[in-house]
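Because the structure is a prediction, the values reported are computed rather than measured. In what follows, chains carry the letters A, B, and so on, assigned in the order in which the sequence lines appear, proteins first and then strands, with residues in each chain numbered from 1.
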Number of protein chains: 2
Amino acid sequence: MTVRPGLTGCGVAETLKVIGDRWSLLILRNAFHGVRRFDAFQEQLSISTSVLSDRLARLVREGVLERRPAPDDGRAAEYRLTEAGLDLYPVLISLNQWGDRWRPDPAGERLRLIERATGQPIRGAAVLSEAGAPLTARDVAPEAGPALAPDLAELVETHRKRLLKSAP
Amino acid sequence: MTVRPGLTGCGVAETLKVIGDRWSLLILRNAFHGVRRFDAFQEQLSISTSVLSDRLARLVREGVLERRPAPDDGRAAEYRLTEAGLDLYPVLISLNQWGDRWRPDPAGERLRLIERATGQPIRGAAVLSEAGAPLTARDVAPEAGPALAPDLAELVETHRKRLLKSAP
DNA sequence: CATTTAACTTCGTTTTTCAAAGCTAAATTC
DNA sequence: GAATTTAGCTTTGAAAAACGAAGTTAAATG
């Protein structure tokens, strides 16, 4: 996970620096399913101890998981989602949604997500307008802010101008 | 990107098989910013030609990008987002949103996303209830469907029972 | 027709990732 | 309280991936 030139200065790149390897998101998926212990993660994912150890340590360092001693066993540790970790929920839900839609399983549904308060299935992840209406990529135009990486900013502005000229 | 045992049978894992490496999401980010040509991707990302070539071919094979001859230059090819590719928009927006919130840049905003129809900034990505209200991870309980990987299903059901016993 | 350009391939090297085995300290069993 | 098991790492040699540089092909340019 070395930092490469040109891969910073954008929210996507910054997030991928934290969870953009092949294991972190699967570890976090399990964390969202209530997994907390080293051996429970390892049992689920067929991941080697060295990699799991490394990934957990990194996620802790990045503030996504919190490591605390297990209350019932002095050897064991619990890894729990922090507020920042919980805030990755839309990422996981949107990944799950895409997989369900574009890589469906002929055997049927994989995961049903139910709103606890009502017992109803949730609608899923969406990009929303200020008014709360769902938006597609075509409905949105990006604008470079002051902190955007310069080469990306140029790209974004070119794209924005092109969008302005085409049909809204 | 070898398929590992136990990393299938879940929407998240299926999606990560397509875009879960270090480059694909950055390539797609640029595609959403209007980049279409091999050399334009390469200029933006500091990626080697061999890896870029491989990733683009994979994304085409997976149905996320479409490769077509460039209309203005017989040598060149254009890589454009397919419907499936456009449908990854919530993934990218939620990644961007997390990066902006938890890895802010002191210099200010990076990317502003504007709804084209209204000119207003968008609200962003969210997980929604059936009624359209935003939900956090704590508001949702997962339920295993018939196609969920068996070991994950066990986990999910355990977690669901635990949730039922705790405060809603 | 010689040169440049777009988009790859190939190749040898460096970097990263991996699985398997070993380690340590706490808990459990006898 | 010695022996064994367990949780959670480290270490290590091997495998995989990514890298840059050079080579390839076919179209465009001059």
Undergrad: Kindly say if Arg55(A) contacts the phosphate of dC9(D), meaning a side-chain N or O under 4.0 Å from OP1 or OP2.
TA: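 For dC9(D), neither OP1 nor OP2 has a side-chain N or O of Arg55(A) closer than 4.0 Å.
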
Undergrad: Which of these nucleotides, dT16(C), dA27(C), dG8(D), is closest to any side-chain atom of Arg75(A)?
TA: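 Shortest atom-to-atom distance from the side chain points to dA27(C).
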
Undergrad: Let me know the distance between CG of Leu52(B) and P of dA17(D), rounded to the nearest Å.
TA: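 The distance from CG of Leu52(B) to P of dA17(D) comes to 18 Å, rounded to the nearest Å.
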
Undergrad: Can you tell me the distance, in whole Å, between the CD atom of Glu43(B) and the P atom of dA7(C)?
TA: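 Those two atoms, CD and P, are 12 Å apart.
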
Undergrad: Closest to the Ser48(A) side chain: dC9(D), dC18(C), dT9(C)?
TA: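 The listed nucleotide nearest to Ser48(A)'s side chain is dC18(C).
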
Undergrad: To the nearest Å, give me how far apart CD1 (Ile47(A)) and C1' (dT17(C)) are.
TA: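 Value for this atom pair: 11 Å.
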
Undergrad: Please tell me whether Tyr79(B) and Arg36(B) have a donor and an acceptor in their side chains that are separated by less than 3.5 angstrom.
TA: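 Side-chain D/A pair, Tyr79(B) to Arg36(B): absent.
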
Undergrad: Starting from Val60(A), can I reach Leu25(A) by hopping between I/L/V/M/F/W/Y residues whose side chains sit under 4.5 Å apart?
TA: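 Linked within one cluster.
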
Undergrad: Between Arg67(A) (CZ) and dG8(D) (P), how many Å, whole number?
TA: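 Roughly 8 Å, once rounded to whole Å.
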
Undergrad: Identify, between Ala76(B) and Gly74(A), the residue whose nearest nucleotide on DNA chain C lies closer to the 5' end.
TA: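 Nearest-nucleotide comparison on DNA chain C picks Ala76(B).
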
Undergrad: For the residue pair Phe32(B) and Tyr89(B), categorise the inter-ring angle as parallel (less than 30°), tilted (30 to 60°) or perpendicular (more than 60°).
TA: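 Judged by the thresholds at 30° and 60°, the geometry between Phe32(B) and Tyr89(B) is tilted.
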
Undergrad: Which listed nucleotide (dC19(D), dC18(C), dC9(D)) is nearest to the side chain of Phe38(A)?
TA: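 In terms of side-chain proximity for Phe38(A), the closest of dC19(D), dC18(C), dC9(D) is dC9(D).
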
Undergrad: Separation of Asp54(B) atom CG from dA16(D) atom P, in whole Å?
TA: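 After rounding, the gap between these two atoms is 15 Å.
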
Undergrad: With a 4.0 Å cutoff (strictly under), does any side-chain N or O of Arg36(B) reach OP1 or OP2 of dA6(C)?
TA: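 Answer no for this pair, as no side-chain N or O of Arg36(B) is under 4.0 Å from OP1 or OP2.
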
Undergrad: Just to confirm, is there a sub-4.0 Å distance from OP1 or OP2 of dT10(C) to any side-chain nitrogen or oxygen of Ser50(B)?
TA: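 No.
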
Undergrad: With a non-hydrogen cut-off below 4.0 angstrom, is Asp73(A) in contact with a base, only sugar-phosphate, or nothing?
TA: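 Sugar-phosphate, backbone atoms only, no base.
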
Undergrad: I need the CD-C1' distance between Glu78(B) and dC8(C), as an integer number of Å.
TA: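 Going from CD in Glu78(B) over to C1' in dC8(C) covers 17 Å.
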
Undergrad: Test side-chain contact (heavy atoms from CB on, under 4.5 Å) on His33(A) and Leu111(A) and set out the steps.
TA: CA-CA 11 Å; His33(A) 287 151; Leu111(A) 205 61; 3.9 Å; yes

Undergrad: How many whole angstroms separate atom CG of Leu45(A) from atom C1' of dA19(C)?
TA: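 Value for this atom pair: 15 Å.
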
Undergrad: Return yes if the base of dT9(C) and the side-chain atoms of Thr49(B) contain a donor-acceptor N/O pair under 3.5 Å, otherwise no.
TA: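 Donor-acceptor pair under 3.5 Å: yes.
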
Undergrad: Regarding Ala70(A), tell me which of base, sugar-phosphate or nothing describes its non-hydrogen contacts under 4.0 Å with the strands shown.
TA: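 It contacts nothing in the nucleic acid.
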
Undergrad: Counting only heavy atoms from other residues, nucleotides and ligands, does the tally under 6.0 Å from CD of Gln42(A) exceed 12?
TA: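 More than 12 within 6.0 Å, yes.
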
Undergrad: Is there a side-chain contact between Leu152(A) and Arg29(B) in this structure, where contact means two heavy atoms from C-beta onward sitting under 4.5 Å apart?
TA: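 With C-beta onward as the side chain, the pair touches.
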
Undergrad: Within this structure, what is the CG-to-P distance between Asp72(A) and dA7(D), rounded to whole angstrom?
TA: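 About 11 Å, once rounded to whole Å.
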
Undergrad: Which of the following nucleotides, dC8(C), dC18(C), dA18(D), is nearest to the side chain of Val51(A)?
TA: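 Nucleotide nearest to Val51(A)'s side chain: dC18(C).
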
Undergrad: OP1 or OP2 of dA17(D) less than 4.0 angstrom from a side-chain nitrogen or oxygen of Trp23(B), does that happen here?
TA: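 Result: no.
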
Undergrad: Of all the choices, dT17(C), dA7(D), dC9(D), which nucleotide is nearest to the side chain of Arg22(B) once you look at every atom?
TA: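 Closest nucleotide to the Arg22(B) side chain: dT17(C).
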
